[in-house]
> 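Here it is, the structure, as structure tokens.
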Amino acid sequence: MDKQSKVDATYLVGLMSGTSVDGIDAAVVKLFPSAEKEHGVEIELLAFENTPFEMQVRNSIFELFDPVSATIDKVGAMNMWLGELYAQATLSVIGKCGLSPSQIFAVGSHGQTIYHAPDENVMGGYNLHCTVQIGDGAVIANRTGIPCVSDFRVADMAMGGQGAPLVPFTEYLLFNNPKKTLLMQNIGGIGNVTVLPVNASPDEVFAFDTGPGNMIIDGLVSQLFAPMTMDVNGEIGAGGQVIDELLKWMQQDKYYTMPLPKSTGRERFGQQYVAQIIEMMKVNNWKAEDVVATATYLTAWSIVDSYERYIAPQHQAEQLLIGGGGSYNKTLLRDLQHLFAPHNVQVLTQEDIGGNSDAKEAIAFALLACYTMERLPNNIPLVTGASQPVVMGKISWPYIGRSQEA
């Protein structure tokens, strides 16, 4: 960002609801140019809230993950419903830090991904790969009185990119280190890593989805330990043992050896994948705790395998910094520390460095939105595979005079 364009601090809201469908993460941030980084910015987190989805909402979203049941009327209705819920979350978190909506420059909303198909799909001579995020920005803008930037991924895909991962752009701005090679590992429903080589320039940064994060674990817990929807603190996994046969089967998925750039989602590791595991469990009479322990280990293995396969041949990392909900899974952290020990890579969470694991991605979309509003490119083509930098995000403007005071 041009340091001369914003002398004063800018207030933004970032919204995120990920592939785990736990709820809405909302963050209010104060953004100002960095005096220490040539191309960097500084971010101060002023307030953060997580609003869990009610079960009716969560179930309705999950229904849309199946293209057969995701009819146009259901997608359209949920698009508007989520817009209302995102707007409520926005006003709530603004009030929490004592600001008013009129002080907020923009809202950046990731939306809820219900379909992501980044692979080439040629029809009529065009590559029609696509992605769908819902939670309408126009609803957010007109309920809050704040411009809303949403639907970020499509612009990158229009230029041949995968539309993912997007957070590496913000991680470069915020975490680039002149002395260390850092791995920024997010563990949401899907795991993704950003590689920041020592004192990296933008064209040296690369990133990709490492594979499933919490997605398989959450899917198994939801089926085997209902009404639980996640393995809180990794307690279920801690009580089980890894099943070698199941682990080997899971490690054979072709995703792990696909060339970069690459991204994945619920289409590969979602409900159908979980159903296969549960069927194998019944046939082999495996214990539920052991199945969860194996899925947890698989996530750790996929992250280390990605490091060995794609990163270590070029860059020896000093630290792995973990964000996202997976950072609270103590069993997963234990497995990661054990597997990374031979590589002399220190495994830390965002909290270990004074950050907030839950807020990290919401903060990222606030920053992405600021770049969109200033018409500045906010993707990294080497990361996504796009042919050129683009300005991602669509802006919804509220009616003038509609601003609501908190």
> Less than 4.5 Å apart, side chain to side chain, heavy atoms only: is that true for W81 and V57?
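With C-beta onward as the side chain, the pair touches.
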> Can you confirm whether I303 sits close enough to V193 that some side-chain heavy atom of one is under 4.5 Å from a side-chain heavy atom of the other?
no
> Once the angle between the rings of F365 and H110 is folded into 0 to 90°, is it parallel (under 30°), tilted (30 to 60°) or perpendicular (over 60°)?
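Ring orientation, 0 to 90° scale: perpendicular.
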> With a 4.5 Å heavy-atom cut-off, do T131 and P118 have their side chains touching?
no
> Assess, by modelled atom type and distance only, whether the side chains of S302 and Y255 contain a donor and an acceptor separated by less than 3.5 Å.
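The answer is no; no qualifying pair exists.
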> Could you tell me the separation between the OG1 atom of T210 and the CZ atom of R309, rounded to the nearest 0.5 Å?
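Between T210 OG1 and R309 CZ, I get 12.5 Å after rounding to 0.5 Å.
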> Would the F340 and Y307 ring centres measure less than 6.0 Å apart?
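For F340 and Y307, the ring centres are under 6.0 Å apart.
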> Measure the shortest side-chain to side-chain distance between C148 and Y86 over non-hydrogen atoms and say whether it is less than 4.5 angstrom.
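SC-SC contact between C148 and Y86 ruled out.
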> With heavy-atom distances below 4.5 Å as the criterion, would you say the side chains of I217 and M230 are in contact?
no
> Hey, are the side chains of F225 and E289 touching, using non-hydrogen atoms and a 4.5 Å cut-off?
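Touching, per the 4.5 Å side-chain cut-off.
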> For the residue pair Y273 and W249, does the interplanar ring angle fall in the parallel (under 30°), tilted (30 to 60°) or perpendicular (over 60°) class?
tilted
> Enter the distance from L64:CG to L82:CG here, rounded to the nearest 0.5 Å.
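One finds 8.5 Å between CG of L64 and CG of L82.
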> Under a 4.0 Å N-O cut-off, is there an ion pair linking K179 with E318?
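Result for this pair is no, no salt bridge flagged.
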> What I want to check is whether the side chains of S357 and S327 have a donor and an acceptor closer together than 3.5 Å.
yes
> Taking H116's backbone N and O only, do any of them form a donor-acceptor pair with E267's side chain (distance below 3.5 Å, no angle check)?
yes
> Do Q112 and M78 have side chains that get closer than 4.5 Å, going by heavy atoms?
no
> Could you give all pairs that pass the side chain to side chain donor-acceptor pair (under 3.5 Å) test and reach residues 330-344, with sequence neighbours left out?
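Side chain to side chain donor-acceptor pair (under 3.5 Å) check on residues 330-344 returns E308-H343.
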> Hey, mind stepping through E49 and T51 against side chain to side chain donor-acceptor pair (under 3.5 Å) and telling me if it holds?
CA-CA 6 Å; E49 282 187 334; T51 305; 5.0 Å; no
